[in-house]
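All values reported here derive from a predicted model rather than from experimental measurement. By convention in this document, chain letters (A, B, ...) are assigned in the order of the sequence lines, proteins followed by strands, and residues within each chain are numbered from 1.
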Number of protein chains: 2
Amino acid sequence: MKGATDQKLLQAKEEFVAQWGALGTQWGINRTMAQIHALLMTSPHPMCTDEVMESLAASRGNAHANLKELVNWGLVRMIVIKGDRRDFYEAEKDVWHIFTIIARERKRREIDPALAILNKCAEETKDLKGVEAIAFHNQMKQLEDFVSFASKMSDRVSSMRHGFAIQLASKILG
Amino acid sequence: MKGATDQKLLQAKEEFVAQWGALGTQWGINRTMAQIHALLMTSPHPMCTDEVMESLAASRGNAHANLKELVNWGLVRMIVIKGDRRDFYEAEKDVWHIFTIIARERKRREIDPALAILNKCAEETKDLKGVEAIAFHNQMKQLEDFVSFASKMSDRVSSMRHGFAIQLASKILG
DNA sequence: TCATGCTTTCATTATTTACCGAAAATTCGG
DNA sequence: CCGAATTTTCGGTAAATAATGAAAGCATGA
């Protein structure tokens, strides 16, 4: 009975890790990074590099690079265990916190650069005359305003406490 | 004087197209597709395939495939001009409409599949006993709840009229 | 200060993705 | 039907990205 449970759990975990990795590629995150994140999110204990390598059949270099990146993002913490020279890693498990971290990163990669471009193009054409130039400038301005608005919304929402976000959401969904 | 304006406008457009293309890669959209979209968004008239090819120095196959994909997304419309056999294309220019289209597409590619995985993994482990199994199931459930919530929010917001969205936003930002 | 165990780096290789360009299919006027 | 003007498809190639594995770097305790 116990064995059957273990078996099912193991299977579900494996499925989760594999699928989450595949999903990562859709999100512009590399497969290994997403897999490691999934692995650590569902691990009851912090894992060391070799454990991660073995679980995912990944090379040392790959495991290392992606663990580092996850730590960089703040999705994973490094843990030191006294009397053990290895580095251990554990994932942030709170979904709201995970969300705010990912939102911040995506904003940095996707929204901020767009804003910079739009700003520049709007600025460079703001004094030009002629219908075409004015149409172009207006289009840039509209895009800029919208993206800037999205940027502010993103900041605002990610800095909310979970409870407040839920409260707000119920207003929107309700 | 007129020449200088034309020059500046042309430069700004070129910059916009090039940079928007580069940005596209960050968004998981291929460079050419993003460039064509930028080109059409800032074109005062519908363009035919050859015009697009020439503007971007892209091959026919590439231009064709990406125009098709943009039409698929709904970001670009095909235009028929009487007495001309060529297909012409023009972009959706309203920013709110563009946003809702992109949001829908990203939801389809990023949120829906995640939900499917989480659903499956939560379902498969809901009857298991043991602390580990329960912890795993809870983690899946929390993720599922959150992603499902995000999904609903996304639907709700993208189906809003622009005016209503702004009104809502002012509540959040204000 | 050497040996050991672990971390980090990096040149190479593999995989994935986008792109080209020519050939095939389609459309339409004559 | 034929032929010219397009659109569409597709096999091969190039570019970008990710992964490998071996070697170098660092700490630590004997």
Side-chain angles (χ1 to χ4, degrees), chain A residues 17-40 46-73 76-90 105 109-110, chain B residues 17-40 46-73 76-90 105 109-110:
Chain A
V17 170
Q19 298 292 326
W20 202 251
L23 199 63
T25 64
Q26 296 290 326
W27 281 63
I29 289 166
N30 87 47
R31 190 198 274 16
T32 309
M33 182 168 159
Q35 283 181 333
I36 295 178
H37 184 226
L39 189 65
L40 292 176
M47 295 174 87
C48 67
T49 308
D50 290 73
E51 234 178 319
V52 170
M53 285 168 60
E54 196 187 359
S55 299
L56 302 178
S59 72
R60 183 171 301 283
N62 194 16
H64 174 75
N66 286 296
L67 280 166
K68 211 168 110 182
E69 187 68 2
L70 283 164
V71 170
N72 242 358
W73 280 40
V76 165
R77 277 180 295 275
M78 231 181 81
I79 300 278
V80 178
I81 293 181
K82 270 222 302 204
D84 196 326
R85 232 134 100 189
R86 293 170 296 178
D87 292 341
F88 283 79
Y89 300 91
E90 90 181 350
E105 184 64 23
R109 294 203 300 179
E110 300 180 357
Chain B
V17 171
Q19 297 293 323
W20 202 251
L23 199 64
T25 62
Q26 294 291 327
W27 281 63
I29 289 166
N30 87 46
R31 190 196 277 13
T32 309
M33 183 166 157
Q35 283 181 333
I36 296 177
H37 184 226
L39 189 65
L40 293 177
M47 296 172 86
C48 68
T49 308
D50 290 75
E51 235 178 319
V52 170
M53 284 169 60
E54 196 187 358
S55 298
L56 302 179
S59 73
R60 183 171 302 283
N62 194 16
H64 174 75
N66 286 295
L67 279 166
K68 213 169 110 181
E69 188 67 2
L70 282 163
V71 170
N72 241 358
W73 280 41
V76 164
R77 276 179 295 277
M78 234 181 81
I79 300 279
V80 179
I81 294 183
K82 269 221 303 203
D84 196 327
R85 226 136 100 189
R86 292 169 298 176
D87 292 341
F88 284 78
Y89 300 92
E90 87 181 353
E105 185 63 23
R109 294 204 300 178
E110 300 180 359

Legend entry - Crowding at CD, A:Glu54 (>12 non-hydrogen neighbours, <6.0 Å):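 For A:Glu54, atom CD is not crowded (no more than 12 foreign heavy atoms under 6.0 Å).
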Could you give the [atom1]-to-[atom2] distance, from [X] to [N], as a whole number of Å?
X       : N      : atom1 : atom2 : result
A:Ile81 : C:dC6  : CD1   : P     : 13 Å
A:Arg31 : C:dT17 : CZ    : P     : 8 Å
A:Ile36 : D:dA18 : CD1   : P     : 13 Å
A:Ile29 : D:dT17 : CD1   : P     : 16 Å
A:Gln26 : C:dT16 : CD    : C1'   : 13 Å
A:Asn62 : D:dT20 : CG    : P     : 5 Å

Inset, instruction - Please tell me which of B:Asp84 and A:Met33 maps to the more 5' nucleotide of DNA chain D, matching each residue to the nucleotide holding its nearest heavy atom. - result: B:Asp84
Inset, instruction - Return yes if the base of C:dT27 and the side-chain atoms of B:Arg85 contain a donor-acceptor N/O pair under 3.5 Å, otherwise no. - result: yes
Legend entry - 5′-ward residue of the pair A:Thr25/A:Arg86 relative to DNA chain C: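 Checking each residue's closest nucleotide, the 5'-ward one belongs to A:Arg86.
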Legend entry - Short side-chain N/O contact to C:dT7 OP1/OP2 from A:Thr49, under 4.0 Å: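 Answer is yes, contact under 4.0 Å.
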Legend entry - A:Asn30 side chain near D:dA19 phosphate (N/O to OP1/OP2, under 4.0 Å):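 Looking at the OP1 and OP2 atoms of D:dA19, one of them is under 4.0 Å from a side-chain N or O of A:Asn30.
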Inset, instruction - Could you work out which one of D:dT8, C:dT7, D:dG21 sits closest to the side chain of B:Arg60? - result: D:dT8
